[in-house]
Amino acid sequence: MVARENMAKMKAQKPSQDEIAKALGALKRARPSLTPDDFAAPLLDWYASHGRDLPWRKRWPELTPAYDVFLSELMLQQTVVATVIPYFERFKSLWPTISDLAQSSEEALLKEWAGLGYYARARNLRKAAIAIVNDHDGRFPEDEKALLTLPGVGPYTAAALSAFAFDKPAIVLDGNVERVMARFAGLITPLPALKSELRAVYPRLAPRAQHSDFAQAIMDLGSSICIAGTPRCDICPLAPRCVMAHKPEASYLPVKPKKQPKPKRQGVIFVATKQGKAVMMRRDAKGLLGGMMGFPTKGWESSKEAMGATDLGIKDAPFAADWRPLNQEVRHIFTHFELSLRVYHTTYEGEDLPDGLTLHVPDDVGLASVFAKVWQMVAASD
Ligand code: SF4
């Protein structure tokens with residue numbers, strides 16, 4: 001009870017990085033018990049009755065098809081499970097196999113991906129499907145090294161494919177796994193250096209079989225019990241052997257590096273409407289939101305452009321018209337910068353648009369989130 005009160009108090013106070021380091025340094029480090037019997041066994045027991053049923057997930061000894069692992073893992077990067085489920089199901093109904101996906105057009109795929117963000121993932125998904133069909137006879141390689149040669153496959157995705165689809169003892173480290181293991185073993189090394197420590201700890205905690213369930217079980221525990229912030233140690237199956245169980249300092253682990261503020265960029269965007277449609281353009285294949293449909297915009301799409309973007313305004317419009325600024329700006333956060341967009345609107349009266357511009361119903365083309373926000377604001381202003 002006292003421990004829980006202390007945890008809540010620490011959460012409310014939001015200590016500085018220096019205070020966290022001091023609190024963790026003062027902890028008497030217990031000698032962690034790093035055996036599968038202490039970690040994997042109770043974890044897998046818990047998973048058997050409490051693990052989530054997900055549309056892409058099979059339970060050991062059944063294995064999830066590699067295509068399903070790949071699709072779901074790419075979608076889950078930077079996106080929560082509840083958002084991914086309908087996208088995964090739609091992709092599987094449109095492109096049931098990796099060969100079907102390899103034959104898709106980039107345009108169709110980007111349209112279906114709209115709203116998930118980080119569109120490079122969608123392009124990589126298709127490129128990887130083509131590589132698997134052309135270079136691997138339509139079958140995913142099982143080996144992590146070979147998987148790493150596929151577009152969009154980094155160390156985490158290669159390990160997840162290897163473990164979930166092929167039951168290999170791969171080291172699958174995501175944010176949930178890092179948190180649960182750092183707390184269980186009392187590892188106070190800050191990220192990212194913590195990762196190499198975890199690579200040594202992971203095999204000591206892993207089971208001798210059932211590799212496909214192991215990391216997925218940790219992820220489920222990490223998203224429901226050993227959650228970010230105050231963990232729910234009172235209902236955790238790992239509590240009897242966990243170094244940080246019931247300790248208020250558990251909420252500090254894993255220790256994160258200091259966050260740098262995101263740079264800010266400013267831009268202008270132009271929306272000309274005509275009878276429910278808007279003037280749009282297909283963006284360059286290379287670069288941010290490459291290959292997607294969007295409204296003409298300027299000033300923010302690369303760091304070089306952002307640095308040189310001063311005095312943006314109606315002079316940057318794609319054609320002369322009665323452009324009027326909306327009262328509010330659109331704000332959007334990308335992974336590496338924050339964007340403020342000044343929105344200009346006009347009613348398009350002409351017949352012939354300049355090259356590269358065409359009229360579309362924006363909701364039908366699969367808008368990226370930033371353009372969807374702009375379109376909503378224009379629609380609300382009418
Ligand atoms: S006992 Fe608490 S800190 Fe340890 S793994 Fe479980 S929820 Fe996390």
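Both ligands and their constituent atoms are indexed starting at 1 by order of listing.
Near Ala239, meaning under 4.0 Å from any of its heavy atoms, are these atoms of ligand 1: 1 (S). Listed by number with element, the atoms of ligand 1 under 4.0 angstrom from any heavy atom of Ala245 are 1 (S).
The ring-ring contact (aromatic ring centres under 6.0 Å, His included) test with Trp56 singles out one residue from Phe70, Phe88, Phe91, and that residue is Phe88.
Hydrophobic clustering of Ile, Leu, Val, Met, Phe, Trp and Tyr side chains at less than 4.5 Å, counting indirect connections, keeps Tyr118 apart from Leu74.
Annotation: atom 2 (Fe) of ligand 1 to nearest protein heavy atom, Cys233 SG, 2.4 Å. Remark: minimum distance from atom 4 (Fe) of ligand 1 to any protein heavy atom is reached at Cys242 SG, 2.3 Å. For atom 6 (Fe) of ligand 1, the nearest protein heavy atom (residue, atom name, distance) is Cys236 SG, 2.3 Å.
In this structure, the ring of Phe270 has its center less than 6.0 angstrom from the ring center of Trp323.
A donor-acceptor contact closer than 3.5 angstrom links the side chains of His345 and Thr273. Inspection of the Gln266 and Arg342 side chains reveals no N or O donor paired with an N or O acceptor under 3.5 Å.
Atom 8 (Fe) of ligand 1 has Cys226 among its coordinating residues (N/O/S atom, backbone or side chain, under 2.8 Å).
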